[in-house]
> 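Could you have a look at this structure, given as structure tokens, before my questions?
For the single chain, residues carry numbers from 1 onward in sequence order. In this text the structure is predicted, and so the values were computed from the model without any measurement. Because only heavy atoms are used, hydrogens play no part in the values below, and waters and symmetry mates are left out as well, while side chains stay in. Whatever order the structure lists them in is the order used to number ligands and atoms, beginning at 1.
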Amino acid sequence: MKAIIPAAGYGTRFLPATKVVPKELLPVGAKPAIQWIVEEALAAGADEVVIVTSPDKPALRRHFSVEPIWHERLRNKPEIDAAISHVEALSRKIRFVDQMEQRGLGHAVLQAASLFKGTSEPILILLGDALVNSPVPCAQEMASVARQIAPDASWVGVERVPRDQVYRYGVVAGTHLPENDRVLRLTGLVEKPAVADAPSDLVIAGRYLLQPAIFTWLQSQKPGTGGEIQLTDAILRSMADTPVYAYRYPGKRHDIGRPEGYLKTLNEWGCVEG
Ligand code: UTP
């Protein structure tokens with residue numbers, strides 16, 4: 001299995017902090033956020049991670065690169081040197097592709113399509129600005145539940161939020177499976193609905209396991225909410241030939257793409273060991 005981490009967005013909600021430093025590199029403990037997400041993808045069974053970035057965000061490539069000078073500098077600090085060696089080991093499993101125009105999440109995912117030719121396995125997608133705090137890493141748990149219940153379906157990770165917040169997310173409609181109350185078979189999906197129109201309080205929280213046909217749907221996807229090519233819209237259309245399930249993971253998503261969300265992340269997660 002391979003994973004995609006879209007990380008090419010402008011990060012406008014966190015300017016000016018993100019003018020030079022990509023939000024995906026903001027520190028959470030001693031690691032940047034995206035490193036936690038790469039580790040989550042690998043723990044879920046991905047053997048390669050494709051990071052979608054842009055030439056405006058060169059620091060992302062630099063973080064995941066081998067720079068021998070660090071080993072010289074850290075000659076007398078073996079513990080810190082080990083942390084650098086760990087990042088280098090991760091970097092061997094990472095490829096980068098560029099999104100030259102920021103036309104939305106669906107468009108970012110589409111930029112990785114050429115690396116998935118001939119793939120029949122589902123693709124794990126993890127948003128580069130969403131950390132999920134859960135006992136078992138979210139993607140790992142969702143991949144395992146998907147294998148048991150419906151390996152040929154597409155899956156989205158969902159979380160319950162207060163009703164008055166649903167307008168900020170993709171919201172799912174569906175029916176619970178009797179054998180597992182954390183799983184729903186979806187009947188619909190709406191991106192950023194008005195609170196009164198939302199079909200539920202279960203929202204897509206930045207983790208997806210999608211069948212490769214999603215690339216075909218994305219190719220013909222027209223812009224939606226905000227004039228952007230929305231991944232949610234393509235998933236909704238893909239329901240014409242692929243069932244979609246939601247997994248309500250036992251954890252909490254942290255949105256590091258906004259100052260309030262980032263500070264909350266540090267309060268609730270920042271005590272972790274780097
Ligand atoms: P967001 O919508 O949260 O990111 O996308 P953004 O566009 O950077 O946010 P604002 O509104 O300007 O603050 C979720 C993830 O998808 C990536 C982002 O980098 C983020 O990790 N993304 C978004 C892309 O890769 N390309 C895009 O065109 C949009």
> Under 4.0 Å from a heavy atom of Q102: which atoms of ligand 1 are those, numbered in the order shown and with their elements?
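Matching atoms, with element in brackets: 28 (O).
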> How close does the nearest protein non-hydrogen atom get to atom 5 (O) of ligand 1, and which residue and atom is it?
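So the nearest neighbour among protein heavy atoms is D129 OD2, 4.2 Å.
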> Please tell me whether W36 and E39 have a donor and an acceptor in their side chains that are separated by less than 3.5 angstrom.
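Per modelled atom types, W36 and E39 side chains form no pair under 3.5 Å.
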> Taking non-hydrogen atoms only, is E24 closer than 4.0 angstrom to ligand 1 via side chain, backbone, both or neither?
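Under 4.0 Å from ligand 1, E24 contributes side-chain atoms alone.
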> Can you name the one residue among V203, V171, L202 that meets side-chain contact (heavy atoms from CB on, under 4.5 Å) with V161?
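The option that passes is V203.
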> Hey, which atoms in ligand 1 end up nearer than 4.0 Å to a heavy atom of G128?
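Counting atoms of ligand 1 from 1, those under 4.0 Å from G128 are 21 (O).
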> Would you call R160 and D201 a salt bridge, using N to O less than 4.0 angstrom?
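A salt bridge links R160 with D201.
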> Does atom NZ of K93 have more than 12 heavy-atom neighbours from other groups under 6.0 Å away?
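Check fails, neighbour count at 12 or below.
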> Can you say whether the rings of Y245 and W155 are parallel (under 30°), tilted (30 to 60°) or perpendicular (over 60°)?
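Correct class here is parallel.
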> When you check the gap from the basic side-chain N to the acidic O, do D56 and K19 get nearer than 4.0 Å?
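Here D56 does not pair with K19 in a salt bridge, since their nearest N and O are not under 4.0 Å apart.
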> Return the residue, atom name and 0.1 Å-rounded distance of the protein heavy atom closest to atom 25 (O) of ligand 1.
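Looking only at protein heavy atoms, the one closest to atom 25 (O) of ligand 1 is A8 N, 2.8 Å.
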> Can you tell me which portion of K23 lies within the under-4.0 Å heavy-atom range of ligand 1? Options are side chain, backbone, both, or neither.
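It is the side chain that gets close, since no backbone atom is under 4.0 Å.
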> Go through ligand 1 atom by atom and flag the ones less than 4.0 Å from a non-hydrogen atom of G9.
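It comes down to these atoms of ligand 1: 8 (O), 17 (C), 18 (C), 19 (O), 22 (N), 23 (C), 24 (C), 25 (O), 26 (N).
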> State, yes or no, whether a side-chain contact exists between N133 and H254 at a heavy-atom distance under 4.5 Å.
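Yes - at least one pair of side-chain heavy atoms lies under 4.5 Å apart.
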> Do me a favour and list the nearest non-hydrogen protein atom to atom 11 (O) of ligand 1 with residue, atom name and distance?
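Looking at atom 11 (O) of ligand 1, the protein heavy atom closest to it is R13 NE, 3.3 Å.
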> Hey, is ligand 1 close enough to L105 that some N/O pair sits below 3.5 Å?
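No, there is no polar N/O contact under 3.5 Å.
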> Would L127 count as being in polar contact with ligand 1, using the rule that some N or O on each side must be under 3.5 angstrom apart?
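For ligand 1, there is no N or O atom that lies under 3.5 Å from one belonging to L127.
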> Give the residue and atom name of whichever protein heavy atom lies nearest to atom 12 (O) of ligand 1, and the separation in Å to one decimal.
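Ranked first by proximity to atom 12 (O) of ligand 1 is T12 OG1, 2.6 Å.
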> Of all the non-hydrogen atoms in the protein, which one sits nearest to atom 28 (O) of ligand 1, and at what distance?
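Looking only at protein heavy atoms, the one closest to atom 28 (O) of ligand 1 is G104 N, 2.9 Å.
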> Out of all atoms in ligand 1, which are within 4.0 Å of some heavy atom of G11? Include the element for each.
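Reading through ligand 1 atom by atom, the close ones are 6 (P), 8 (O), 12 (O), 13 (O).
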> What atoms in ligand 1 come closer than 4.0 Å to a heavy atom of Y10?
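Within the 4.0 Å cut-off of Y10, ligand 1 contributes 8 (O).
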> Tell me whether F14 has any N or O atom under 3.5 angstrom from an N or O of ligand 1.
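No - when backbone and side-chain N and O of F14 are compared with those of ligand 1, no distance drops under 3.5 Å.
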> Can a donor-acceptor pair be found between the side chains of Q99 and H107 at a distance below 3.5 Å?
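Yes, side-chain donor-acceptor contact under 3.5 Å.
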> Is E260 atom CD crowded by more than 12 heavy atoms from other residues, nucleotides or ligands, each under 6.0 Å away?
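Atom CD in E260 is crowded, with more than 12 foreign heavy atoms closer than 6.0 Å.
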> For R95, look at atom CZ and say whether over 12 heavy atoms of other residues, nucleotides or ligands are found less than 6.0 Å away.
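Not more than 12 within 6.0 Å, no.
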> Return the residue, atom name and 0.1 Å-rounded distance of the protein heavy atom closest to atom 17 (C) of ligand 1.
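Heavy-atom neighbour on the protein nearest atom 17 (C) of ligand 1: P6 O, 3.7 Å.
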> Here's a test for you: under side-chain contact (heavy atoms from CB on, under 4.5 Å), which of D129, L263, I34 qualifies with I256?
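Only one of D129, L263, I34 forms a side-chain contact (heavy atoms from CB on, under 4.5 Å) with I256, namely D129.
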> For ligand 1, is any non-hydrogen atom under 4.0 Å from R103's backbone (N, CA, C, O), its side chain (CB onward), both, or neither?
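Within the 4.0 Å criterion, R103 contacts ligand 1 through backbone atoms alone.
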> Would you find a donor on one side and an acceptor on the other, under 3.5 Å apart, between the side chain of S154 and the backbone of Q211?
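Yes; at least one donor-acceptor contact below 3.5 Å.
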> Where on A108 is there a heavy atom closer than 4.0 Å to ligand 1, on the side chain, on the backbone, on both, or on neither?
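A108 to ligand 1: side-chain contact only, backbone stays beyond 4.0 Å.
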> Could you tell me, atom by atom, which parts of ligand 1 come under 4.0 Å of a heavy atom of Q99?
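Near Q99, the atoms of ligand 1 are 24 (C), 25 (O), 26 (N), 27 (C), 28 (O).
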